[in-house]
Amino acid sequence: MGDTSITAEPGERFTLTVDENASTREHWYLVDPEPDSSVLVSRGQDHASDSGGEPAAGAGGRLTFTFEATGEGTTRFTLLHCTFTTCQGNTSTLPPATTGPAATPTTGAATPAPAPERITYTVTVG
């Protein structure tokens with residue numbers, strides 16, 4: 001859906017933080033195309049709950065992706081945002097089998113579900 005440009009220096013780490021709520025099956029995933037590892041590598045993810053240190057049913061939170069610039073060049077990667085209406089079969093650790101829209105309901109309106117949001121980042125290191 002959106003495109004964002006980031007500039008970094010070799011060896012620099014940066015983070016991207018997004019809101020998510022696992023209780024409503026709202027998740028973010030790093031999907032293809034993943035970054036060129038000669039330019040940028042993923043250093044993992046960290047989830048922080050809005051409820052503080054104690055888990056609370058229904059509480060949302062923030063997911064932070066950490067990346068490290070490894071060498072000069074330009075690369076792209078994509079974050080996929082799934083909700084219960086846009087992806088089928090996703091969990092907090094398992095992206096959906098497809099990155100297309102959810103299956104059309106068999107009853108009610110014949111309106112297809114919306115496609116999941118995709119944000120593509122272009123990172124230039126140098």
Side-chain angles (χ1 to χ4, degrees):
M1 182 172 196
D3 291 322
T4 302
S5 296
I6 299 169
T7 303
E9 295 297 321
E12 182 179 348
R13 284 189 179 210
F14 64 89
T15 60
L16 300 171
T17 301
V18 292
D19 291 327
E20 74 171 9
N21 189 335
S23 68
T24 60
R25 293 192 331 245
E26 176 188 6
H27 302 287
W28 286 88
Y29 307 97
L30 177 62
V31 296
D32 289 333
E34 291 191 18
D36 177 345
S37 61
S38 68
V39 178
L40 185 73
V41 293
S42 171
R43 293 296 184 201
Q45 306 168 27
D46 184 46
H47 184 268
S49 174
D50 287 343
S51 64
E54 294 298 316
R62 286 165 309 288
L63 180 64
T64 300
F65 292 87
T66 301
F67 297 91
E68 183 176 350
T70 54
E72 292 188 5
T74 300
T75 189
R76 294 167 51 116
F77 66 89
T78 300
L79 293 183
L80 177 71
H81 181 217
C82 286
T83 66
F84 73 98
T85 62
T86 60
C87 298
Q88 298 294 313
N90 65 306
T91 66
S92 63
T93 57
L94 178 68
T98 177
T99 56
T104 303
T106 56
T107 60
T111 304
E117 177 184 9
R118 294 169 135 324
I119 301 175
T120 300
Y121 295 87
T122 301
V123 180
T124 303
V125 178

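Side chains are part of it too, since the values below use all heavy atoms of this structure and drop only hydrogens, waters and symmetry mates. Keep in mind that what you see is a predicted model, and the values were worked out from it rather than measured.
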Taking W28's backbone N and O only, do any of them form a donor-acceptor pair with E20's side chain (distance below 3.5 Å, no angle check)?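 It does hold such a pair.
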Do [X] and [Y] have side chains that get closer than 4.5 Å, going by heavy atoms?
| X | Y | value |
| --- | --- | --- |
| T122 | T74 | yes |
| H81 | H27 | no |
| C82 | E26 | no |
| D46 | F65 | no |

How about T66 and T15: does a side-chain donor come under 3.5 Å of a side-chain acceptor?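 The answer is no; no qualifying pair exists.
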Who pairs with [X] by side-chain contact (heavy atoms from CB on, under 4.5 Å), at least two apart in sequence or on another chain?
| X | value |
| --- | --- |
| T7 | none |
| V41 | S37, R43, E68, T70 |
| E34 | L30, D32 |

Just jot down the ring pair (Phe, Tyr, Trp, His ring centres under 6.0 Å) partners of F77, sequence neighbours excluded, or say none.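 For F77, the residues satisfying ring pair (Phe, Tyr, Trp, His ring centres under 6.0 Å) (neighbours in sequence not counted) are F67, Y121.
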For T17, all residues meeting side-chain hydrogen bond (donor to acceptor under 3.5 Å, both in side chains), sequence neighbours excluded: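 side-chain hydrogen bond (donor to acceptor under 3.5 Å, both in side chains) check on T17 returns T64.
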Once side-chain hydrogen bond (donor to acceptor under 3.5 Å, both in side chains) is applied, do any residues pair with S38, and if so which ones, sequence neighbours excluded?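 Checked S38 against side-chain hydrogen bond (donor to acceptor under 3.5 Å, both in side chains); matches are D36.
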